[in-house]
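Everything below concerns the one structure shown next.
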Amino acid sequence: MEFPGMRPSTATARGPGSGGGGGGGGGEDPAMDSLLSQLEAQNQQIMKDRKARVFAHEAPTAQEPQDGAGAGGVDWEFWGALINDYDKVTRSEPRKLAQSVYRGIPGAVRGTVWQLMAKSRGDAALGARFRRLVAQKTEPGSEEAKHEKQIRHDLARTFPKLDYFRDAAGAGQEGLFNVLRAYSLFDPEVGYCQGLSFVVGPLLLNMPDEEAFCLLVRLMHTYGLRGHFLPSMDDLQLRLYQFEHVLRENLPWLSRHFQEQGVESTMYVSQWLMTMFAYRLPIELTFRLFDVVFAEGLDCLVRVALAVLKRSQTRLLSLEFEAILQYLNDGPLFAFYSHAAPDMLVRDANQITSVNARYLERLRRQYIDEMQRRMEEEDEGHRVRAENDKLHDECSRLRAALEDVTSAHDGVLSERTAAQTQLDKQRDECARLQQRVADLEEAQRQAAQEPAAAAELQADVDRLAEKNVQLTIKNQQLEDSLQDLEEALIQIKTLYADCENDRALMTKKFEDLKRALS
């Protein structure tokens, strides 16, 4: 198995004559003897340190092998060589290094080895950045001040059973606050999220605050834990997707039972992944799991989650929804590993060989493809909805135009009716005048013998003739106006028919879109 922290560096490898990691005796190399003496002194100092008392009750007895050792005790020569030249040992003895990590890194050098695997050791620039962030002031009411308040609120709830973090005025809570606040300022996009303190706690139990901050930055940015805490939680969604597929393929009965009971992976696995199981595991098992995470990467968390469920599968199959969640989140799910051999959890996880880097990478690509298809479908849905809205607006516009045309049509019909009525009246008046003219002409013939009467009658005839001419002209104007109104009516009817056709076409498109969206 390949471990990200154990990959050879780009430095030129030394030849066999330059010495191997832990291969020669300590007495043959004065530098190695000095390093081993320093490690032994450091081990004695750590055991006197306040942090060591946190897990002193779990220390091995004289008859048991120590943390990370076989029956013969800790191989300090190997660990000393690793610290002295990490890149060389990872090249020359990768198998021994993997086996040693799986058995557990000795507590005396655990923090140093973690930093070497994460390549955060000796990062002076990042250390200086931490010191500036610790000294930086926050403005009242700012987002940074809100994070600071939330961090203080959560301190007492982080590892409440550990003496080192129990005292509100103690070094443990002070270190947690400094590292968490510094990171919230360092990475404003993440800021502070609940659960991050359970990641920082184990780091602080193995190294000073500044080194813990540097290692946290590597863990978040290089190992990818940051994606679990971003607002979008993209990487956490990917891990959940991988876990669901792994669970379905490796524990199909349990997966089916969870589905039937409505138990979603977000109800229990999210907490495990975000805290790297530190929220549930005893501190010594948390150290063991962190050993593997720094060596192998976050992919191992999926195997660990599956191993834990596999160990309790029979019990979980007998429970229903509420009892399942209580068992997973607050129940004795991890009780077995608390009393088993320290490396049992790691061994169980490593026995799940089907969940390897290649398989998880295939699931990652599959997840990305599915997300891309979903985004394309959402984009298409947005496009269709936008087109639908556009057609709806167009239909509304055409409907309004149709109403305007209908109103104009009604107005023209009303004007035409009024004009026709007036024309009929003018025709009647013209007929009446023509009859009057005829009567006057007849009267003129009869009164031809009387000059005065004839003159008066002629004047009446002239006036009536002039009035008749005027009426005839006005009648012709009305005829012309009526003709114009009829032509306008024909145009309006044509426009009305076109609008009806457009409205029918838009209605058909609207119905097609509704069927496509349903």
Side-chain angles (χ1 to χ4, degrees), residues 379-518:
D379 291 342
E380 180 65 17
H382 290 318
R383 189 193 65 78
V384 171
R385 281 191 289 273
E387 183 68 19
N388 182 33
D389 293 340
K390 183 178 179 181
L391 289 174
H392 183 271
D393 294 341
E394 183 67 15
C395 286
S396 299
R397 187 189 65 78
L398 289 175
R399 190 177 291 110
L402 182 60
E403 291 175 356
D404 293 341
V405 170
T406 303
S407 177
H409 177 263
D410 294 340
V412 170
L413 286 178
S414 177
E415 290 180 5
R416 181 176 180 276
T417 301
Q420 185 66 43
T421 300
Q422 187 176 3
L423 181 61
D424 291 341
K425 288 181 180 180
Q426 293 294 335
R427 285 174 177 173
D428 293 342
E429 180 67 14
C430 184
R432 187 184 67 78
L433 289 175
Q434 287 177 351
Q435 182 61 40
R436 177 63 176 166
V437 168
D439 293 342
L440 289 174
E441 288 177 348
E442 180 63 23
Q444 184 181 16
R445 282 194 301 270
Q446 293 177 359
Q449 294 80 7
E450 300 180 4
E456 183 179 357
L457 182 62
Q458 183 62 42
D460 291 340
V461 169
D462 293 340
R463 286 196 300 274
L464 289 174
E466 183 179 356
K467 190 174 183 179
N468 186 41
V469 170
Q470 293 175 354
L471 287 175
T472 302
I473 294 173
K474 189 173 183 179
N475 186 43
Q476 183 61 42
Q477 291 175 346
L478 288 173
E479 288 283 351
D480 295 340
S481 178
L482 183 62
Q483 181 66 29
D484 293 339
L485 287 173
E486 288 179 349
E487 292 177 356
L489 181 62
I490 292 172
Q491 292 178 355
I492 288 173
K493 286 182 178 180
T494 303
L495 181 59
Y496 180 82
D498 293 339
C499 288
E500 281 293 323
N501 291 335
D502 289 343
R503 187 179 68 83
L505 181 60
M506 290 299 169
T507 302
K508 183 176 182 306
K509 289 184 177 181
F510 184 73
E511 293 297 329
D512 293 341
L513 281 172
K514 285 177 62 180
R515 286 194 296 272
L517 291 173
S518 61

Salt bridge or not for Asp512 and Arg515, using N-O below 4.0 Å? yes
Do Gln483 and Asp480 come close enough that some side-chain heavy atom pair is under 4.5 Å? no
Spatial distance of atom NZ (Lys467) from atom CG (Asp462) [nearest 0.5 Å]: 14.5 Å
Do the side chains of Glu500 and Arg503 get close enough for a salt bridge, i.e. N-O under 4.0 angstrom? yes
From Lys493 NZ over to Asp498 CG, what is the distance, rounded to the nearest 0.5 angstrom? 14.5 Å
Can you tell me how far the CG atom of Leu464 sits from the CD atom of Gln434, to the nearest 0.5 Å? 11.5 Å
Reported CD-to-CD distance for the pair Gln476 and Glu479, which is rounded to 0.5 angstrom: 6.5 Å
So how far is it from Asp502 CG to Thr507 OG1, rounded to the nearest 0.5 Å? 10.5 Å
Decide, yes or no, whether a salt bridge links Asp428 with Arg432 under the criterion of side-chain N to carboxylate O below 4.0 Å. no
Starting from the C-alpha separation in whole Å, work towards a yes-or-no answer on side-chain contact (heavy atoms from CB on, under 4.5 Å) for Thr472 and Asn468. CA-CA 6 Å; Thr472 302; Asn468 186 41; 4.0 Å; yes
Nearest 0.5 Å please: distance from the NZ atom of Lys508 over to the CD atom of Glu511. 10.0 Å
